[in-house]
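This report concerns only the one structure given below.
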Amino acid sequence: MVGAGGDGIVTMGDILSQAGARDGLNVIKTEAYGPQIRGGESSCVVRLSPDAIYEQGDAVDVLVVFSWADFGRFKGEVQPAPNAVVLFDEADPVARTREDLGLGADAHWLAVPFSKLAGDAGAKGSKNVVGLGVLTALFGLREETIRRAVVKRFGRKKAAVGELALKAYEAGIVHGGALASMSSRGLTFTPGPSKLLLSGNEASALGALHAGCRFFAGYPITPSTEILQFAEEWLPKMGGTVVQTEDELAAIGAVVGASFAGVKSMTATSGPGLSLMTEMLGLAAMAEVPCVVVDVQRGGPSTGLPTKSEQSDLWQAVFAGHGDAPRVVIAASDVEDCFHATVDAFNIAEEFQVPVIVLTDQSVGQRRETLDPTRLVHAVIDRAVPTGDELVDYKRYRDTPEGHSPMSVPGMKDGIYQTNGLEHDELGRPASMHLVHEKMNAKRYRKLKPIRDKYQRARRFGPAKADLGIVCWGSSKGAVKEALLMAEERGEKVAAFIPEMIFPFPVKALEEFLASVKQVLVIEISYAAQFTKYLRTFTTLPENTIIFKRSGGKNLTISEVDDQIRKFLSPDRKKGVA
Amino acid sequence: MVGAGGDGIVTMGDILSQAGARDGLNVIKTEAYGPQIRGGESSCVVRLSPDAIYEQGDAVDVLVVFSWADFGRFKGEVQPAPNAVVLFDEADPVARTREDLGLGADAHWLAVPFSKLAGDAGAKGSKNVVGLGVLTALFGLREETIRRAVVKRFGRKKAAVGELALKAYEAGIVHGGALASMSSRGLTFTPGPSKLLLSGNEASALGALHAGCRFFAGYPITPSTEILQFAEEWLPKMGGTVVQTEDELAAIGAVVGASFAGVKSMTATSGPGLSLMTEMLGLAAMAEVPCVVVDVQRGGPSTGLPTKSEQSDLWQAVFAGHGDAPRVVIAASDVEDCFHATVDAFNIAEEFQVPVIVLTDQSVGQRRETLDPTRLVHAVIDRAVPTGDELVDYKRYRDTPEGHSPMSVPGMKDGIYQTNGLEHDELGRPASMHLVHEKMNAKRYRKLKPIRDKYQRARRFGPAKADLGIVCWGSSKGAVKEALLMAEERGEKVAAFIPEMIFPFPVKALEEFLASVKQVLVIEISYAAQFTKYLRTFTTLPENTIIFKRSGGKNLTISEVDDQIRKFLSPDRKKGVA
Amino acid sequence: MSAAPPALPAFVPGDYKTDLKPVWCPGCGDFGVLTALYRAMAELQLTPELTAVVSGIGCSSRLPGYVETYGFNTVHGRALPLATGVAVSRPDVKVIAVGGDGDGLAIGGNHFMHSARRNLDVTYILMDNEIYGLTKGQVAPTTPTGDKTKTTHYGNPEPAVDPCELAISFGATWVGRAFSGDLKGTVELIVKALQHRGFAFLNVMSPCVTWRGDDQFKSLKAKARPLPAGHDVTSRFEAFKFTRETDVLSTGVLYDVKSPSLNDRLDTIKATARAGAPLVTVPEIVKTFLPSF
Amino acid sequence: MSAAPPALPAFVPGDYKTDLKPVWCPGCGDFGVLTALYRAMAELQLTPELTAVVSGIGCSSRLPGYVETYGFNTVHGRALPLATGVAVSRPDVKVIAVGGDGDGLAIGGNHFMHSARRNLDVTYILMDNEIYGLTKGQVAPTTPTGDKTKTTHYGNPEPAVDPCELAISFGATWVGRAFSGDLKGTVELIVKALQHRGFAFLNVMSPCVTWRGDDQFKSLKAKARPLPAGHDVTSRFEAFKFTRETDVLSTGVLYDVKSPSLNDRLDTIKATARAGAPLVTVPEIVKTFLPSF
Ligand SMILES: Cc1ncc(C[n+]2csc(CCOP(=O)(O)OP(=O)(O)O)c2C)c(N)n1
Ligand SMILES: Cc1ncc(C[n+]2csc(CCOP(=O)(O)OP(=O)(O)O)c2C)c(N)n1
Ligand code: SF4
Ligand code: SF4
Ligand SMILES: [Mg+2]
Ligand SMILES: [Mg+2]
C-alpha cells in the first residue's frame, strides 16, 4: 500500500496486520517513509500467510496505490509481482499503465473510486478503510475480524466516527464484490488462536525485562529508540528505573555504574552511539563489569542512512576499542530472535562478567512479526556473588581456572573492594608490571573458552551435504531461508549456516559446515565485506568461495539470493559450461 | 643508571646522551619512573655506539646504582649483562652481592664512594656528576665534551654552581682512574659531526610542521602529550594555531573543521583518546575531509598501563567505527620513522581526502635517539582544489575514476557547497536511496587502490631466501633487526618483513616475502594477537606459522627474538629432532 | 546637481537560499529562523564564500543545507568543535553554528560551555523547541518538568535548564533570546549577534508543531514580550533576572559585554611568540635539537 | 543516678582507610581532602559497604583506592555517569563522586551539568588545583588567564570558569567552596554536603605543589576567608556575588535549597506508573501484544 501523507496507509497496514494476528495468520509488516519529517508519503507492506514465512518478501501480490506520484518515490522499494493485482484510485491525477509497472498478461489492473466511495460514505478521509473493504471482498479476509479492528481503531474516541468508518468499509466490500473474482488468489485459512504482533525492538526490550534488567539508560537514536521508549514505559511498573541521559557516553557509563552496584543493566543504540561507547566498553572489559548493549544497525558510515538497514557495525562490535578488550557479540536474525538473543546476552554478561553487544538491524528492529506467545520462554542466569570462604580475604579478581571470579555488590560487608580501569592485581590494585598485565590479560581472555563451549550457537538449514553452502548472518536469514525452500523445490542441494554467536565464533560448527558443502557462498550487506573478512581471522575459506556483498539501504531480497543460487547451480553450470 | 628521586639520574642520562650526540655517536636513551607522581625512584638507560644501533638493548654493560632499594623496584626492567661492570655507592645502607645480580666471573663489582666524593667536592647533590667522572675515566668518554655539558647544565643560572659540579666531575675522574682499567671495554671512537637528539614524539610533531600542518587541536594524554606541547610551543612562531580542547571529541572535531576550512590539521592522542574519536573519524571518511591522527600506543585496555608500551590499538585503528568507513593506517617503527610516517600521513590525507592514523607507541614516542639532520627531508603534497572547468557547476563529490574529487575551500566563490555526514549524492545532498549509497561507497573505497599502489611501503631485511621469515610491525623492528644481525653472524638465514603501511596493506610485498621463506614467525606485543588476526583478513599464513605474541608493559627484547630464532634454527631442530 | 543614486546592495535575502527543499514539517518554527537568517545575512551583506554555517544533527541542524555558503551538517552534538576549527584556523571566515536543544544542550553541552568560555569567534543560534524533533518526540534538557513526551510517559521528572543563563555562566559575551514566531525581532537579534565580536549566543524559541502541538506556539506567542527598556546588558546580575522565566518569555539582548575574542587572544600569542622575528622555519626548529655546547 | 555512658561510635576515621599508599606527591593538597573525607565519614558514621566512591582519572581521581568502601576509579571524565548508575539503581547506597578540575570541568563538564540539573543523589567533591596534575602540568579550565603551563608557553589565552557559579546555573541544590589547607573547614563542608539530599557540589581548592609550585598554596591560604555571616544561601543571586572572585576566596556554603532529588522524583514516577497495582510481570506485558478486539 502506498499513499501520500494523510492517506492513512499506516493505519490500513495496522488493521490488516492486527486482523491477521487476531485470526492466527503469520504476518510480517514493514513501513517506509519519505525524507519529510512528517506529512510525507508513506508505504506499508503486509505479508499474510497461513504458512510459516521468514521474510517480508520481494514483489507484492497485491498493490494498493492511492497516489501514483508517491508510488514513484518508493521506486525499487515497493515492487508488484508480474502477475500482481493492482488497485489504484481512479481519481488519481497522475496516470500509470500496467507496462509502466512491468506487469504481465495475468496481472489485474483495477481502477477503484476510493475517494468517491469514502466521500459517499460520509467519511472523506477513509480511503484506507474503503481499501480494506475491497481487499476483504477480493481476497476473502475475515470480515468480522476486520470490522472489529475498524471499530476499535476509529470508534475509540467517538462511536459516531466508528460508524462512518464501518460505512466506508462496507462500501468497499460491495464495490470489491462486483470486481473480477480473485478467489483463486485469495487467502484460504481457518482462523487459529491469536498471535502476538510485535517488532524486533519490542522483542529486544521484552527480552531484557525477562532477563531481569531493572536499570536502563539510553539516548534516543533511530532505529533503536523504541527500545528506550518501551523500557521507559514499562520498567517503572516493574520497580525498575530508566534514565534518558545527556548522550551515549553517559548512557553506557550509567549502565556500567548500575551493574557495578549489582543491578542488571543495559542500553540500546545504533551505530553512531555504539561508536561513542567504545571507550567505556573497554572499561567494562577491564573492570569485568557485566553490561548489555543492543545495537540496531543502520546504514553508515557517520549519520549515513538513519532509517535504512545495513550489516556494517560488525567490525565496530567485534574489534573496536584500544587495547586487548574481550567482549561478546551476538546477532539476532528475526523478531523472535531479538528476544532470545537479549536474554542470552544478559545470561552471558552476568555469568562471565563481560560486556555483551547484541547486533540487530533496522529491518528486524522495526518490522512487526506475528509470534506464538509460547515461544517467549528462556532460562535466566544470575550473577555469581561471593559466599562463605570466597569472602575470607576476598579477592575481586581472583585468578580462577575459568577466568571469571565471584563479584560482590554494595551491601556485602566482606565484599568491599576498590577497582579501576588501570591494569590491576587480583585485589584490584593498580599494577603496571608486565607480568601482572600478562597474567590478568590471560584471566580476562580465558573466559572466552567456556563461553564458546557453552554457546556454540549457530543455525544450519538444508541437506546435510550440499552443492552450495551459504554463510550469512543476522537479518539475512529470512531471505536465505526462503530462497533455500525455492531451491529445494527445484531439487537443488543448498544449505545455509547462520551463526547467532558472532564473537567468540562457533568455529567448529562453521568448519563442519564448510566441509559439508561443495561450494561456499558468503552473503552480507556491507560494502567492505566486514563479515567475510572477519571470518578469515579464524578460518580459511575455500579458494573458490563466492562473496555476495553490497551496501545497505535496501534489505536483502529473496530473489537476490535465488539469483546467486541459480547462477551457481544452473544446469549448464553443473555441466561446467558457465 | 638507577637511583632515588633527587639522585639526578635523569640529568646524568641527559648529559651522557647529549655528549654522545655532540661527538657524533649513535645514542638511544630511555627513562623509567616508579608509580609515584613525583619524587619517586627513576632509572635511565643510555646506549652509546659508534656503529648503527636499532634498539635500546636488553642487558646493560655498565650499571650505576645509587640505591639498591630503588634498583629492586625496576626488577626485570634494568638488567646487567653477566659480564657487566657494576658501580654502586659504598655508602648504600642496602647491600647486594654479585650473585644477587647473577653476574659472572668476568664481571666487575666496584663500590664507589659517590656520596663522599660529591660531599668532598662541596656539591653534596652531585653524585650523578661524580658518576659521570668515573665513567669518563673507565670507558674513555671525551672529557672535554662532558665538561662542556656539565657547565652548560649547572652553570646556566649560577657560574659558581657550575664550578662545583666540575670539581665533582674531576673527583670522579681521579677516582675512576685509580680503579681497575676497563680500556678493553671502553668506547674507542673518533668524534664525528654532531647529531640531532630527539624523541619519537618530537619527530612526529616535526613531521607535521614540515608537512605544512598549521592547526593542531589536542587533549593531553600520556604518552603522547609531548606532541601537543611541541605544537603549542612552535606553531604560533610559524603563524599556526593550537587549541587544547575540552576533550578528544572536540579535538578531532576541530581538526575536521579546520581541514574543511582548508588548513592542514592534526591531533595526537593515545588509546583512550583514539576510542573517543571513533565517531568523528567516520564523519571524516563520509564527508571526505583530510585529517591526521597520531596515536602513541600504551598498554590497554581502558586506562591500562599509561606509561608502558603495547601494540594493541591496531584493531581500533583499522576496524573501529560503525558503517563502512575507509581510512588509512601507517605505523612508525623508530624515531626517524615518526617524522616520515607523519609527513606521509599528511600527503595521503590531503591527496586522497581520507582520515589517516599514524600508529607509534610509548617506546618510540618517548625514547630519544640520535639522528643525522640530513635524514629529515621528505616531499610534501598539497590538497587538490578545483580549478577552471571543475568549478563550472562544481560537484564536491564528483564520482571520479580514482575516487577522490577536487575539494574547494572557503573563499572560493564557485566552490561553495554544503556537505554532511548523511549519505549524499555528488553535490553533497542527503540521499538515502540504496543505489546512491552503493555508488558513493564505491567512490570512497576506490581511493584505496591508488593509495595502495603508490604507498607499497614495507621494509625487508635479511637474505632474499631464508629459512625463517619474521613478520612484525612498528617498534618491534629494532629488536628484530638486531637479532637478525646476531643470526647472520651465526650463519643462519633469517629475514624480516616490516610494513609501514598497515591499511591498505602492501599485500603483494608480503606474499612475495612469505613465498621467499621456509618458516614464518609473526611477532607482536598484543595478547589478542591483533596483528596476526589482521593479516589473516587478507592473506593466508602458512599452516606451520609460529606466532610469538605477548602483552605489553615491557618492550620486545633482542633476546626474546633471538630465543625464537634459535628455537627454530638450532642445529638439532634442523636435524628435525626438536 | 543631484547626488549619485545609492548603490544597490550586492545581496538580497534570496541570494542566500539554496534550491534544496527543507525537509521540515509544514508550520515548523525553523522556517522562521531560516528566513530571518537570510534577511540578517543580506542586511549585513555577508560574503557567501567567506561564510560557513555549521551544525550538528537534528531537524534544525538540517539548516546549513538551505543556506548558500560553505555549509557542514556534521554529527550530533559536535557543531561547535567543528566551528572552532573553522573559526580559529580561518579568522577571515564568518562562522555561524546552528542546532537544536538536544544537539547543543544534551550531547553537545560541554562544547557549548567551552566555546562560550573561550569567547570563540562564532555566532551560535540554538533553535529551542523543547523536544527532540528528528527522533520523533523525546524529552530534551529544555522540556518543562512534568511534560509528557515519548520518553516521559509519566511526566518529565527532570528540571529544565535555561540556555541563556548557562551561556552567561559559561562566559558568553553576547546572549540574546528570540521567538521565531516574531520574524522582525528574530532578524534584528540575528543581526546584532552576527555583529558581535566573540561568542554570541542566540536562543530562538522555535516551535515543533509535530511533537509539541500548536499549544507550544500559542503559549510562546502569549508569553513573548520584549525586555524592559533600559535593561542593563552589561550586568550578568541584571541578565539573570530574566532567566528561568515561566510565565513570560523576555526577548531581546540579555547580555552584551566587550572582551577580547579567542582570535584576538591567539593573535596576541602569535605576536608574543614571534617577538617581531620573521616566521620560524622547520630547519630552524630542527637545529634546536643539536647539542648546543 | 548517672546517665548511661554514650555509646562509642562504631567507626573512627581510620576505619575508612585502605592500606594502599597514595601515589600523591609529598605536600599534595589531595592528602588534606582525603583526611577530611575520613573524618567526615566517621562523623556521619557512614556504613562502608553501603557507600560507594566513584571517580574519573587524574591524581585526585586515585582517591577511591584509599577509601575502604566500594570504590571505582573509572575513566577520564565519566565519574558522574557511573555515579548516576549507582545512585539511581541503588538508592540505599550513599554515592560520593570525586575528581579533578580537568576530569570534571573539561572532559566531564557535560555530565556535571546534567547531574546537577537532575538533582542527582550524589555528593560531588571536585579537587581543584587549576592544572592537569597527572599528565604533568597542562592548562585546565580553572587555570587563571595568562598563567604559563606546559601547554600555554605564552600564557593561558583562555578565561577560567568558576565551578561554583556553573554548579548553581546547572541546577545544583547545594554548592560549597573549601580550601584543603583548612582541614577543619573542609571536614565541616564535606559533612554538610553529605547530609544534603540531592546533588551537592563542593569545590575544594587543593594545591598541586608539583606543577603550580608553593605559591599556589600560599596565595590560596592568603585569599581564603569564610563567607560573611548572614549570607543568604537560598538566593542564587546572593551566591553569584561570591563567584568569579579574584583577590579573595570565599569558603563555606554558597547555596543550599530544598528540592526533590532525582530519586524522589523517580519514586513518584514508579508510584504513578503502578497506580497502586502490584509490580507488573513480563507475561502481563506480553499479553498487551495480542490484538485486543
Ligand atoms: C551520536 C548520536 N546520537 C543520537 C542521534 C539521534 N539523534 C538525531 S537528532 C537527535 C536530537 C534532535 O533533537 P534536537 O537536537 O533538539 O533537534 P530538533 O530535531 O529538535 O531540531 C538525536 C538524539 C544521532 N544522530 N547521533
Ligand atoms: C580519554 C582520556 N583522555 C586523556 C587522558 C589523560 N589524562 C589523565 S588525567 C588527565 C587530567 C588530569 O587533571 P585533573 O582531572 O585536574 O586531575 P589532577 O591530576 O589535576 O588531580 C588527563 C588529561 C585520559 N586518561 N583519558
Ligand atoms: S518534527 Fe518538529 S522540529 Fe522537526 S521539522 Fe517537524 S515541526 Fe520541525
Ligand atoms: S602532581 Fe600535583 S596533583 Fe598530582 S599528586 Fe603531585 S602535587 Fe598532587
Ligand atoms: Mg529540539
Ligand atoms: Mg587538576
Side-chain angles (χ1 to χ4, degrees), chain C residues 77 88 105-114 116-120 141-142 145-146 152-171 173 198-199 235-241 243-244 259-275, chain D residues 77 88 105-114 116-120 141-142 145-146 152-171 173 198-199 235-241 243-244 259-275:
Chain C
V88 168
L105 302 171
I107 192 169
N110 203 33
H111 310 306
F112 181 21
M113 163 152 68
H114 292 281
R117 177 173 69 82
R118 296 184 182 110
N119 201 19
L120 180 69
T142 48
T145 308
T152 55
H153 282 79
Y154 310 105
N156 178 17
E158 304 182 354
V161 288
D162 181 324
C164 293
E165 176 172 347
L166 291 177
I168 295 168
S169 299
F170 292 161
T173 49
F199 193 78
S235 154
R236 68 185 218 275
F237 300 104
E238 286 303 312
F240 285 142
K241 292 186 182 153
T243 57
R244 304 197 196 181
S259 165
S261 74
L262 180 60
N263 282 343
D264 293 335
R265 293 209 175 86
L266 292 174
D267 286 343
T268 316
I269 279 185
K270 288 178 194 173
T272 320
R274 288 171 56 182
Chain D
V88 169
L105 302 171
I107 192 169
N110 203 33
H111 310 306
F112 181 21
M113 162 153 67
H114 292 280
R117 176 173 70 82
R118 297 184 181 110
N119 202 18
L120 181 68
T142 49
T145 308
T152 55
H153 282 79
Y154 311 105
N156 178 16
E158 304 182 354
V161 289
D162 182 324
C164 294
E165 176 173 348
L166 291 177
I168 295 168
S169 298
F170 291 160
T173 49
F199 193 77
S235 154
R236 68 185 218 274
F237 300 104
E238 285 305 311
F240 285 141
K241 292 187 182 153
T243 58
R244 304 196 195 181
S259 165
S261 74
L262 181 60
N263 283 342
D264 293 335
R265 294 206 175 87
L266 293 174
D267 286 344
T268 315
I269 279 184
K270 287 178 196 172
T272 320
R274 287 171 57 183

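In what follows, chains are A, B, ... by sequence order, proteins preceding strands, each numbered from 1.
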I'd like to check the side chain to side chain donor-acceptor pair (under 3.5 Å) partners of C:N156; sequence neighbours left out, ordered by chain and number.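 Checked C:N156 against side chain to side chain donor-acceptor pair (under 3.5 Å); zero matches.
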What residues, two or more places apart in sequence or in another chain, satisfy side chain to side chain donor-acceptor pair (under 3.5 Å) together with D:T142? D:D128
With a 3.5 Å distance limit and no angle check, can you tell me whether C:H114 reaches the backbone of D:L105 through a side-chain donor-acceptor pair?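 Pair found, side chain donor or acceptor close to backbone of D:L105.
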Side-chain donor or acceptor of C:N110 paired with backbone N/O of D:A106 under 3.5 Å: yes
Note: vs chain C, highest number of non-hydrogen pairs under 4.5 angstrom among D:G171, D:P157, D:P260 is D:P157
If we define contacts as heavy-atom pairs under 4.5 Å, which of D:T272, D:T145, D:I269 has the most with chain C? D:I269
Contacts of residues 162-170 of chain C with chain D (heavy atom under 4.5 Å): C:E165, C:L166, C:I168, C:S169, C:F170
How far does CZ of D:F237 sit from CZ of C:R236, to the nearest 0.5 angstrom?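 It is 11.5 Å, given to the nearest 0.5 Å.
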Pairs of heavy atoms under 4.5 Å with chain D: top-ranked of [options]:
options                : answer
C:H111, C:M113, C:R118 : C:R118
C:N119, C:L262, C:V161 : C:V161
C:K241, C:E158, C:H153 : C:E158

Go through the atoms of C:T243 and report whether side chain, backbone, both or neither lie under 4.5 Å from a heavy atom of chain D.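 Both parts, backbone and side chain.
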Measure the shortest side-chain to side-chain distance between D:V88 and D:L120 over non-hydrogen atoms and say whether it is less than 4.5 angstrom. yes
Is there side-chain contact between C:R244 and C:P159, with heavy atoms separated by less than 4.5 Å?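 No, side chains not in contact.
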Nearest non-hydrogen partners of C:S259 and C:T173, listed with the distance: CB-CG2, 3.9 Å
Excluding sequence neighbours, so at least two apart, what forms ring-ring contact (aromatic ring centres under 6.0 Å, His included) with C:Y154? none
Measure distances from D:T268 to the heavy atoms of chain C and classify the residue's part below 4.5 Å as side chain, backbone, both or neither.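 Neither part; nothing is under 4.5 Å.
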